[in-house]
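Single-structure report; data block below.
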Amino acid sequence: MTRLAETLLDGIALGSVYALVALGFVVVFKASGVMNFAHGSVLLLGGWTVTATHSALGFPLAVLVGAAVAGAASGLLHLLSARGVRGEGAHVATILTIGVDLVLVTALARGIGADYLGTGDPWGSEVVRLGGVHVAEARLAGIAVSVTLIGLFFAAFRWSRWGLAMRAASSDEEAAALMGVRLGRVRLIAWCTAGALAAVAAVFLAAFPSPGLDRSTGQLALAAFPAAILGGMDSAVGALAGSLAIGLAGALAAGYQDSLGALGEGLPGIAPYLVMILVLLVRPAGLFGSKESTRV
């Protein structure tokens, strides 16, 4: 039971961090209809900024700087794609993000090299004992920070003017524009928010028990992509549910892969996609995604 409890707690911690990344996918898609495949490289950029500045600025300020840099990079990507593919449709902008991702990852890989970089987080390798269950302090901090940021996001989405404009635009873009909603500003804020959340997620993805941030950290964002698909690309609540499901599936696969023998080899890497496929076979729109209606 102790092993199961530790595995489930690890899954919840991973799922909460994945939720920050999955929310970024969803909010960008709701705002502009674009699948942002450069989200992983923006995450890596934010994490690398923290590793490069924490010695001079201290950890809290370095995280703020990393979030600002990642948010600005994501916003700049939106402005470039919106200007460059104006009138061509969201699918062209989606393809553009793939190219930007390749360029940005290549540039960051050269800067990072083959080393693992520390973020300077205050938790280090400390472990907390809860009853008979041992859990890393960084995992608990990840849960606390993720819950706080997600709560602030939903509060802003529900009660702020931007949230109201966002909901109006996602419901009926033309009507929202006619009512005076500035769609360009709504989309820009959505992209910047997604980038900032990704940078915070990078800090916890690189924290203990991970050895640190390296060139492959951005690929971990791909685990959050099936979480967004699983929950429904137009549902922020679905992103949370999908992230928890993916986090638990990955933790269980990693914790019990030895017990599965040959079937367990490589299972942690594909577990998120297996869960996504199984759910989409039953619910093609995702757990909370809205179904499209077709008139004949």
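Sequential numbering from 1 along the given sequence is applied to the chain's residues.
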Worksheet item: Any side-chain heavy-atom pair from Leu213 and Leu205 closer than 4.5 angstrom?
Response: no

Fill in: Arg158 side-chain N/O to Gly163 backbone N/O, donor-acceptor pair under 3.5 Å
no

Response to the item:
Shortest non-hydrogen pair, Ala241 vs Leu287, comes out as CB-CD1, 4.4 Å

Item to complete: Over all heavy atoms of both residues, which pair between Gly232 and Val26 is shortest? Give the atoms and the distance, please.
Response: O-CG2, 4.2 Å

Worksheet item: Excluding sequence neighbours, so at least two apart, what forms ring pair (Phe, Tyr, Trp, His ring centres under 6.0 Å) with Phe29?
Response: none

Worksheet item: What's the spacing between Ser81 OG and Ile95 CD1 if we round to 0.5 Å?
Response: 12.5 Å

Discussion item. Could you report the tightest heavy-atom contact between Gly238 and Phe288, atom names first, then the distance?
Written reply: CA-CD1, 3.5 Å

Worksheet entry | Counterpart residues, ring pair (Phe, Tyr, Trp, His ring centres under 6.0 Å), relative to Phe208 (two or more places apart) | none

Discussion item. Measuring only between side-chain heavy atoms, which start at C-beta, is Pro122 closer than 4.5 Å to Glu137?
Written reply: no

Item to complete: Ignoring hydrogens and angles, tell me if any N or O in the side chain of Asp115 forms a donor-acceptor pair with the backbone of Leu117 under 3.5 Å.
Response: no

Worksheet, complete the sentence: d(Ile98 CD1, Asn36 CG) to nearest 0.5 Å is 10.0 Å

Practice prompt. For Asp121, enumerate each residue passing the salt bridge (Lys or Arg N to Asp or Glu O under 4.0 Å) test, keeping only those at least two apart in sequence or located in another chain.
Written response: none

Item to complete: Verify, without hydrogens or angle tests, whether Ser146 (side chain) and Ile143 (backbone) share a donor-acceptor contact under 3.5 angstrom.
Response: no

Worksheet item: Could you state the interatomic distance from OG (Ser74) to CG (Leu45), rounded to the nearest 0.5 Å?
Response: 10.5 Å

Worksheet item: Roughly how far, to the nearest 0.5 Å, is CG of Leu164 from CZ of Phe157?
Response: 10.0 Å

Fill in: Enclosure of Arg167 CZ (heavy-atom neighbours >12, cutoff 6.0 Å)
yes

Practice prompt. Quick one: pull up SG in Cys192 and CG in Leu188 and give me the separation to the nearest 0.5 Å.
Written response: 4.5 Å

Discussion item. With clusters defined by side-chain heavy atoms of hydrophobic residues (ILVMFWY) lying less than 4.5 Å apart, directly or transitively, does Leu278 cluster with Val275?
Written reply: no

Discussion item. If hydrophobic clusters are built from ILVMFWY residues whose side chains come within less than 4.5 Å, do Leu44 and Leu23 share one?
Written reply: no

Discussion item. Strictly distance-based, threshold 3.5 Å: is any side-chain N or O of Arg187 a donor or acceptor partner for the main-chain N or O of Ala31?
Written reply: yes

Item to complete: Check whether any side-chain heavy atom of Leu20 sits under 4.5 Å from a side-chain heavy atom of Ile150, and report yes or no.
Response: yes

Practice prompt. Determine whether Val27 and Met166 make a side-chain contact, defined as any pair of heavy atoms from C-beta on separated by less than 4.5 Å.
Written response: yes

Worksheet item: Which pairs, with at least one residue in residues 212-224 and sequence neighbours excluded, count as a side-chain hydrogen bond (donor to acceptor under 3.5 Å, both in side chains)?
Response: Asp214-Ser216, Asp214-Thr217

Worksheet item: Picking from Thr148, Leu149, Val147, what satisfies side-chain contact (heavy atoms from CB on, under 4.5 Å) with Val145?
Response: Leu149

Practice prompt. Using only heavy-atom distances, determine whether the side chains of Trp162 and Thr193 contain a donor-acceptor pair under 3.5 Å.
Written response: no

Fill in: Within one Ile-Leu-Val-Met-Phe-Trp-Tyr cluster: Leu43 and Val65, side-chain cutoff 4.5 Å
no

Discussion item. Is there a continuous path of hydrophobic side-chain contacts, each under 4.5 Å between heavy atoms, that joins Met179 to Val186?
Written reply: no

Worksheet item: Is a side-chain donor or acceptor of Thr7 paired with a backbone partner of Leu252 at a separation under 3.5 angstrom?
Response: no

Response to the item:
The ring pair (Phe, Tyr, Trp, His ring centres under 6.0 Å) partners of Phe204 (sequence neighbours excluded) come to Trp123

Item to complete: Before giving the answer on side-chain contact (heavy atoms from CB on, under 4.5 Å), spell out for Leu102 and Phe37 the whole-Å C-alpha distance, their side-chain angles and the decisive distance to 0.1 Å.
Response: CA-CA 10 Å; Leu102 293 174; Phe37 288 105; over 6 Å; no

Discussion item. Show the nearest heavy-atom pair for residues Met233 and Phe25, with the distance to one decimal.
Written reply: CE-O, 3.8 Å

Worksheet item: Going by heavy atoms in the side chains, are Met276 and Phe225 under 4.5 Å from each other?
Response: no

Worksheet item: With side chains defined as the heavy atoms from C-beta onward, is the minimum distance between Pro272 and Tyr18 less than 4.5 Å?
Response: no

Worksheet item: How far apart are the C-alpha atoms of Glu126 and Leu140, what are their side-chain angles, what is the distance that settles it, and do they pass the side-chain contact (heavy atoms from CB on, under 4.5 Å) test?
Response: CA-CA 11 Å; Glu126 295 295 324; Leu140 296 178; over 6 Å; no

Worksheet entry | Val42 with Val63, same ILVMFWY side-chain cluster at under 4.5 Å | no

Response to the item:
In short, Ala199 meets Gly66 closest at the heavy-atom pair CB-O, 3.6 Å

Response to the item:
Residue pairs meeting side-chain hydrogen bond (donor to acceptor under 3.5 Å, both in side chains), one or both in residues 37-55, sequence neighbours left out, come to Ser41-Asp101

Worksheet item: Are any non-hydrogen side-chain atoms of Leu280 and Leu230 less than 4.5 angstrom apart?
Response: no

Worksheet entry | Pairwise distance CG(Leu108) to CD1(Ile112) - rounded to 0.5 angstrom | 5.5 Å

Discussion item. For Leu77, run the side-chain contact (heavy atoms from CB on, under 4.5 Å) check against Leu104, Val34, Thr97 and tell me which one passes.
Written reply: Thr97

Discussion item. Counting neighbours of CZ on Phe59 that are heavy atoms of other residues, nucleotides or ligands and sit closer than 6.0 Å, is the number greater than 12?
Written reply: yes

Worksheet item: Looking at Gly46 and Ala70, what are the two nearest heavy atoms and their distance?
Response: CA-CB, 4.0 Å

